[in-house]
J.: 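Okay, handing you the structure first.
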Amino acid sequence: MLSANHSDLSNALLAISQSLADRSQLVQTLDAVLTAARQMTFARHGIIYVLDQTGQALIPCIVHHNEKPLVDHPWPPLPLDSASETDPFSYAIRNGEVVLLNQLYQYNGYDCEKVYQCESALSHKSENLLSWPLIDDKGKTVGLLVLFDLNVIDDEAILTAFCQIAATSIRQAVWLEEYGHMVKDLSANNASLARENHQLKQQKQTHYTGPIAESEPMLNVLSRLNRVLSLPVDVLLRGETGAGKEVIAKYIHENSNRANAPLIVQNCAAIPEQLLESELFGHKKGSFTGADKDKIGLFEAANGGTLFLDEIGDMPLILQSKLLRVLQERKVRPVGSSKEIEVNVRVIAATHCHLKEKIKAGEFRADLFYRLNVFPIMLPPLRERQADILPLAEHFIQQSAKSLGLKQAPGLSAKVRQQLLHYPYPGNVRELKNVIERAVLLSDFETITQIELGDSEPVDITENAQAIVEIPEPVTAKTVIPEDSNKGLKEVVGEYEKNVILDCLNACNWQTKRAAEQLSLPLSTLSHKMKKYEIRAAD
């Protein structure tokens, strides 16, 4: 057998150890170890088995045959609990001893039947075999090195040192492989938590425009959306008119990796058919009457960002085919141009229509529907998300108060809250927004006591106050409107309101929470009025 001199082996060992120190991925490390081991022993074939996470089996993670890596091979995993004690591989692992068989196909005292079967599948017969347990610097076995057709080195100490370095490197690579996935998952979870925390902080701000979701149906919608926020996936939003499809589209854009790029919104039903193609794809100067200059289409304008196509169900059939091609090719051709422009745009389409019914009626292309319907989202109507009604109402009150320049947003009386909760909202969130904006304008800017729902007349809650609660008789002040003609209506009503609050507080033994309930006022509104009229317990 050939052998290498001590100086050459020492240099090779140093180079190999440095190479292993630079490797972090398991497959690369195993390949480097097996290549180096073959070079040191002049072996033509080899296997490295690595102990799996359970510690119950050895897995052949890298195989070299005729000095080249072999992807498809016959070598099976080695279950340690059922392996033969005389199997050369199992014996080496269990006893921590090196097994060397110089004449593999002659009687040698070991059970080599499985080795013979695998070599037969490779149409090969090796002259010898070396089975070397890989034990790291902590004395733990991490795998097994198997070499075939080798010329054994006469300096066993160097090979022992190499195998220990290799075992330690493999152990570290296994850890990095396992914990790398954990770190990746933790990083993804942290990013998700950071995004959710950012969303919650936004919802506490008066300028927040994202979806308000406290009901289970809407929480399910956001949970489903979170799976694809940063993925290059088009989304189809379905839901009744006014359900908040544009709000969801903005939420998707602002929480995706496209947030810094444009979000372009286009209602497909709000523009004439003859102009929609030019609007979406652009046009060249002189392409039609009135085209006095080049125009950039919405797809090109939204490049890198998001294009929201609302009411996609109302798009003309001729444009549906062109849209389908853009979605498939990600290229647009402006009207009158012979060149195509590549675009990187995420498309969010929305409709209140039943598109399958439109397909049956020949009004919508089936292929476009299935292209858009890759990731559908069904938005629930407001009547099915009752837990969101009051938070939405308070959100709209804050918006209205800010637009009107009010220092403090008015509160909702208890009766109004009940009315809001029991109304079916055929116009969904959009209708609720209009109801609240109108109610703020009809209020005294301190408490909303009347609302208009549907086609009904304003309902004044104060007119029916006695039917709701019974206000106690005055104790310390008379609730009589003064007859001073020099006072304006506002001063007279203010004095009357102050007296009513005083009477109720005295009757409730100055328990403000109870008094607020008796007056059908939010506690914050009662506290505000007490400060306004300088009402204190000492009075």
Side-chain angles (χ1 to χ4, degrees), residues 1-23 27-50 58 60-75 78 87-89 91-93 96-106 108-110 112 114-136 141-170 173:
M1 289 186 180
L2 297 175
S3 62
N5 62 55
H6 189 278
S7 176
D8 291 341
L9 291 175
S10 297
N11 292 334
L13 185 61
L14 177 61
I16 290 165
S17 64
Q18 290 174 343
S19 173
L20 292 177
D22 293 335
R23 297 177 183 273
V27 174
Q28 293 180 345
T29 299
L30 294 175
D31 186 64
V33 169
L34 187 53
T35 299
R38 287 194 304 97
Q39 290 174 351
M40 293 178 68
T41 59
F42 305 103
R44 296 186 62 195
H45 322 291
I47 313 170
I48 291 183
Y49 288 87
V50 177
L58 289 165
C61 293
I62 189 77
V63 175
H64 285 183
H65 186 68
N66 288 328
E67 303 178 0
K68 295 180 181 179
L70 192 63
V71 177
D72 296 323
H73 59 81
W75 297 100
L78 302 175
D87 177 275
F89 298 169
Y91 183 88
I93 285 290
E97 296 180 7
V98 177
V99 174
L100 174 62
L101 304 180
N102 284 321
Q103 296 178 325
L104 179 58
Y105 282 85
Q106 296 183 13
N108 47 44
Y110 289 94
C112 298
K114 291 183 178 179
V115 177
Y116 299 157
Q117 291 175 1
C118 291
E119 287 228 309
S120 175
L122 293 170
S123 301
H124 182 77
K125 279 190 175 184
S126 299
E127 293 183 4
N128 53 41
L129 175 152
L130 177 68
S131 181
W132 195 300
L134 296 174
I135 302 172
D136 65 13
T141 302
V142 298
L144 180 71
L145 170 66
V146 180
L147 299 172
F148 299 93
D149 281 342
L150 65 151
N151 294 294
V152 180
I153 298 173
D154 53 7
D155 193 338
E156 188 175 318
I158 289 185
L159 190 56
T160 301
F162 165 76
C163 287
Q164 186 181 65
I165 293 173
T168 302
S169 298
I170 291 172

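If you read the sequence from its start, that first residue is 1, and numbering goes on from there.
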J.: Is there side-chain contact between Q106 and L101, with heavy atoms separated by less than 4.5 Å?
T.: no
J.: Is the shortest side-chain heavy-atom distance between F148 and L122 below 4.5 Å?
T.: no
J.: Evaluate side chain to side chain contact (heavy atoms under 4.5 Å, CB included) for Y105 paired with L129, printing each intermediate quantity in order.
T.: CA-CA 10 Å; Y105 282 85; L129 175 152; over 6 Å; no
J.: Within this structure, what is the CG-CG distance for the pair N128 and L150, rounded to the nearest 0.5 Å?
T.: 4.5 Å
J.: Quick one: does C61's side chain get under 4.5 Å of I48's, heavy atoms only?
T.: no
J.: Ignoring hydrogens and angles, state whether a donor on the side chain of N66 or H124 is under 3.5 Å from an acceptor on the partner side chain.
T.: no
J.: Given side chains that start at C-beta, do those of I93 and L78 come closer than 4.5 Å, heavy atoms only?
T.: no
J.: So how far is it from H45 NE2 to E67 CD, rounded to the nearest 0.5 Å?
T.: 8.5 Å
J.: Any side-chain heavy-atom pair from H64 and R38 closer than 4.5 angstrom?
T.: yes
J.: Look only at the side chain of Y110 and the backbone of F89, and say whether a donor-acceptor pair between them is shorter than 3.5 Å.
T.: no
J.: Nearest 0.5 Å, please: how far is CD1 in I62 from CD in Q28?
T.: 10.5 Å
J.: Just wondering, do L34 and L145 contact through their side chains at under 4.5 Å, heavy atoms?
T.: yes
J.: Is the backbone N or O of Y116 less than 3.5 Å from a side-chain atom of S120, with the two atoms forming a donor-acceptor pair by type?
T.: no
J.: Would the distance check show the side chain of D136 and the main-chain N or O of A167 forming a donor-acceptor pair, the cut-off being under 3.5 Å?
T.: no
J.: Does atom CD (E127) have a neighbourhood of more than 12 heavy atoms from anything else shown, all under 6.0 Å?
T.: no
J.: Indicate yes or no: at least one non-hydrogen side-chain atom of P74 is less than 4.5 angstrom from one of Q117.
T.: no
